[in-house]
Amino acid sequence: MQRAEPQDFARVLSSMCTVPHPAARAAAERFLATNPGDPGTYETVGTLETEAVELLGELAGHPEAAGYIASGGTEANIQAVRIARNRARNKQTGGEPNVVVPESAHFSFTKAADVLSVELRRAPLSDYRADLSAMETLIDSNTVLVVGVAGTTEYGRVDPIPEIATLAHEYGALCHVDAAWGGFVLPFTDHDWNFADAEIDTMTIDPHKMGQAVVPAGGLLARSGALLDPLAIDTPYLESTSQVTLTGTRSGAGVASAVAAMDALWPDGYRSAAETAQENAEWLAGELAARGVSVVSPELPLVSADLPAATIATLREEGWRISKTGAGELRVVMMPHVTRTMLEAFLDDLDQVAGW
Ligand code: 0PR
């Protein structure tokens, strides 16, 4: 039987995964058979996880952050909701807990709400960003968490994070920032998004997206170790006495590759990747606008453009791995593997299909 091969990245334009950095790939292979879920047995990978959290904390403006390497942004977001729900459960009585998110929040929050039996309240946006007054309308005494997104999945927008944090705390709720995708780009922008910029409590920041680590490597950070306490369960027969992760056995590959990627790329490598990606986003946005296409201006390196569904479908048939926003726009994510040459080839094909 012929051996299956993974796709190459030559035509992948809408994914948030990318080619791992060579050092990250090598580290992942070396640590494939380790389990950071049992750091008493797999000590080295346990130490690496501490390093990974320190490095992520540096990126996020808080080198003393607590946290761990999760399976991805979904787990990190679920855990942030779980922290807030459990913390409130210990404190207050009555009423179903709710979480207030902007409508742009990733669907992982829908999973979190379902798994954790909390009500998800989605606030309408204004100009693709969280609208503070719309959020405040939804917040009440049962709100346990208010979420801001720093780099939205569909339009790459950054919510007003400091204001969201203030709002959350006014109501006694925690504030979580979802920087799953944006976290490795935002340090090189003027946006206020991190632990130094705002009084946020927890953050999702994923090495396996813009961080160029292998899958699975998500990141959950918390301002203090105490914030992770509501996640801790006893592990009677392990050397370590408690565990805060959602998964039990988990891949040391993600942990080791996250450290290797950040060692190799933070900060200069990530800065140049972010700059190149932003240049490419602005170039593509300009080219599309020049053809009369309506484009959402790329604040971060992600371009959404209004193309007919049939055009997108034909380009997919030609092998381009592209997807659409909920509103039907073409979405191109400028991951590190997306080069100008690739974009030129894509535009050539688009010109042919559109016939303009
Ligand atoms: N938060 C944000 C802001 C995200 O964009 C995503 C994923 C998540 C959380 C969840 O992260 P995990 O997928 O690591 O659990 N956003 C991408 C999306 O839904 C995920 C993705 C990745 C989709 C690669 C396709 C793909 O090929 O578009």
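Ligands are counted one by one from 1 in listed order, and the atoms in each one are counted from 1 as well.
- Between Phe9 and His337, the angle of the ring planes lies from 30° to 60°, which puts this pair in the tilted group.
- The proximity of Thr152 to ligand 1, defined as any non-hydrogen pair under 4.0 Å, does not occur for either the backbone or the side chain.
- Contact annotation: for Asp206 versus ligand 1, heavy atoms closer than 4.0 Å belong to the side chain alone.
- Electrostatic pairing of Asp140 and Arg121 counts as a salt bridge here, judged by a charged N lying under 4.0 Å from a carboxylate O.
- Asp234 and Ser242 share no side-chain donor-acceptor pair at under 3.5 Å.
- What sits closest to atom 4 (C) of ligand 1 on the protein, heavy atoms only, is Thr153 OG1, 3.4 Å.
- Atom 26 (C) of ligand 1 has its nearest heavy-atom neighbour, among Cys17, Ala217, Gly151, Ser15, in Ser15.
- Atom CD of Gln2 has 12 or fewer neighbouring heavy atoms from other residues, nucleotides or ligands inside a 6.0 Å radius.
- Closest to atom 17 (C) of ligand 1 among all protein heavy atoms lies Met16 SD, 3.6 Å.
- The closest protein non-hydrogen atom to atom 15 (O) of ligand 1 is Thr74 OG1, 2.5 Å.
- Using a 4.0 Å threshold on non-hydrogen atoms, atom 23 (C) of ligand 1 does not count as touching the protein.
- In terms of N/O distances under 3.5 Å, ligand 1 is not approached by Ser14.
- The Ala180 neighbourhood of ligand 1 comprises atoms 1 (N), 2 (C), 9 (C), with distances under 4.0 Å to a heavy atom of that residue.
- Under a 4.0 Å N-O distance rule, the pair Asp351/Arg291 qualifies as a salt bridge.
- By the 4.0 Å N-to-carboxylate-O rule, Glu318 lies too far from Arg316 to be salt-bridged with it.
- Inside a 4.0 Å radius of atom 9 (C) of ligand 1 there is at least one protein heavy atom.
- The closest side-chain donor-acceptor pair between Tyr155 and Glu329 falls under 3.5 angstrom.
- Taking 4.0 Å as the cut-off between side-chain N and carboxylate O, Glu103 and Arg129 do not count as a salt-bridged pair.
- Those atoms of ligand 1 that come under 4.0 Å of a heavy atom in His208, given as number and element, are 14 (O).
- Of the candidates Lys209, His106, Arg321, Arg331, it is Arg331 that places a heavy atom closest to atom 28 (O) of ligand 1.
- Looking from atom 2 (C) of ligand 1 to the surrounding protein, the closest heavy atom is Asp178 OD2, 3.4 Å.
- When side chains are defined from C-beta on, Ile312 counts as touching Lys324, because their heavy atoms get closer than 4.5 Å.
- At a 3.5 angstrom cut-off on N or O pairs, Ser108 does not count as close to ligand 1.
- The closest approach between a heavy atom of Gly218 and any atom of ligand 1 is not below 4.0 Å.
- Taking 4.0 Å as the cut-off between side-chain N and carboxylate O, Asp8 and Arg321 do not count as a salt-bridged pair.
- Residue Asn77 has at least one heavy-atom neighbour below 4.0 Å for each of these atoms of ligand 1: 1 (N), 9 (C).
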